[in-house]
Amino acid sequence: QVQLVESGGGLVQAGGSLTLSCAASGRSLSPYNMAWFRQAPGKEREFVARITSSGSSTYHADSVKGRFTISRDNAKNTVDLQMNSLKPEDTAVYYCAAGWRWGSATSNYEYWGQGTQVTVSS
């Protein structure tokens, strides 16, 4: 069982930056593809970014491309999401996920964290 814990969320003004971090306990994250998703109030959970197990390949949603960057450090067992030029529409609970398959659908990921709130004020 992989337990994921997100941190780094908070309140930031539009145009600001935050870095979210996802840490694992119990097992190594290195075999898993990792992803970040987000869910705004009243909306479905949506894909944000994903990274292969080795970190050699990443993919970002069009809505965050050029502003957000996913990365991982397998030695530290962490996955980060660097978020720059934040917009009010980025406000959501952000979730870290781990899975064996490569894709943007939530069904590709078996393990999920509890989420961390990001609020961007205008």
Side-chain angles (χ1 to χ4, degrees):
Q1 186 77 6
V2 177
Q3 295 180 324
L4 303 174
V5 178
E6 302 94 339
S7 62
L11 174 64
V12 64
Q13 288 189 330
S17 299
L18 280 175
T19 299
L20 305 183
S21 187
C22 175
S25 62
R27 292 179 68 174
S28 171
L29 288 180
S30 60
Y32 298 95
N33 296 319
M34 300 295 298
W36 286 94
F37 288 79
R38 66 186 181 186
Q39 189 166 17
K43 295 188 176 181
E44 293 193 355
R45 193 167 298 189
E46 67 170 355
F47 166 78
V48 175
R50 50 187 161 102
I51 187 167
T52 53
S53 57
S54 66
S56 61
S57 183
T58 62
Y59 183 80
H60 297 77
D62 287 344
S63 58
V64 306
K65 200 169 293 183
R67 300 188 299 122
F68 292 11
T69 303
I70 189 171
S71 63
R72 68 188 298 162
D73 186 334
N74 284 339
K76 295 182 179 179
N77 220 27
T78 58
V79 178
D80 289 348
L81 184 69
Q82 174 67 45
M83 305 186 296
N84 298 325
S85 303
L86 283 160
K87 304 175 181 179
E89 51 263 44
D90 294 318
T91 295
V93 177
Y94 283 71
Y95 297 91
C96 174
W100 297 108
R101 293 178 292 274
W102 179 243
S104 300
T106 56
S107 59
N108 288 315
Y109 301 91
E110 287 78 26
Y111 304 105
W112 293 82
Q114 293 299 307
T116 185
Q117 176 71 46
V118 172
T119 303
V120 184
S121 63
S122 57

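Here the structure is a predicted model, which is why all the values come from computation and not from measurement.
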Contact check, side chains of N84 and L86, non-hydrogen atoms, under 4.5 Å: no
Which residues satisfy the side-chain contact (heavy atoms from CB on, under 4.5 Å) test with S30, sequence neighbours excluded? S28, N74
Do Q82 and S71 touch side chain to side chain, with heavy atoms closer than 4.5 Å? no
Side chains of L4 and L29, heavy atoms from C-beta outward: is any pair under 4.5 Å? yes
Restricting to non-hydrogen atoms, name the atom on R67 and the atom on S85 that form the minimum distance, rounded to 0.1 Å. NH1-O, 2.9 Å
Which class fits the ring pair Y59 and F47: parallel under 30°, tilted 30 to 60°, perpendicular over 60°? parallel
Nearest non-hydrogen partners of G113 and E6, listed with the distance: CA-OE2, 3.2 Å
Over all atoms of both residues, closest heavy-atom pair of T78 and S21: CB-OG, 4.3 Å
Are the side chains of R27 and Q3 in contact, using a 4.5 Å heavy-atom criterion? no
Heavy-atom closest pair (A49 atom, L81 atom, distance to 0.1 Å) is CB-CD1, 4.2 Å
Any heavy-atom pair between the side chains of D80 and I70 that's under 4.5 Å? no
What verdict does the side-chain contact (heavy atoms from CB on, under 4.5 Å) test give for M34 and C96, after you've listed the backbone C-alpha separation in whole Å, the side-chain angles of each residue and the deciding distance to 0.1 Å? CA-CA 7 Å; M34 300 295 298; C96 174; 3.6 Å; yes
Any donor-acceptor pair under 3.5 Å linking the side chain of R72 with the backbone of N77? no
Does any part of the side chain of W100, heavy atoms only, come nearer than 4.5 Å to the side chain of N33, both counted from C-beta? no
I want to check something: taking the side chain as every heavy atom from C-beta on, are V120 and Q13 in contact at a cut-off of under 4.5 Å? no
Set of residues satisfying ring pair (Phe, Tyr, Trp, His ring centres under 6.0 Å) with respect to W102, sequence neighbours excluded: none
Distance only, no hydrogens: is a donor on one side chain within 3.5 Å (strictly under) of an acceptor on the other, for S104 and R50? yes
For the residue pair T91 and V118, establish whether any side-chain heavy-atom pair is separated by less than 4.5 Å. no
Can you confirm whether or not the ring centre of Y109 sits under 6.0 Å from the ring centre of F37? yes
Tell me whether Q114 at atom CD has more than 12 heavy atoms from other residues, nucleotides or ligands lying less than 6.0 Å away. no
Closest non-hydrogen atom pair between A14 and P88, with its separation: CB-CD, 4.1 Å
Of all pairs that satisfy side-chain hydrogen bond (donor to acceptor under 3.5 Å, both in side chains), the ones with a partner from residues 35-44, not counting sequence neighbours: R38-E46, R38-D90, R38-Y94, Q39-R45
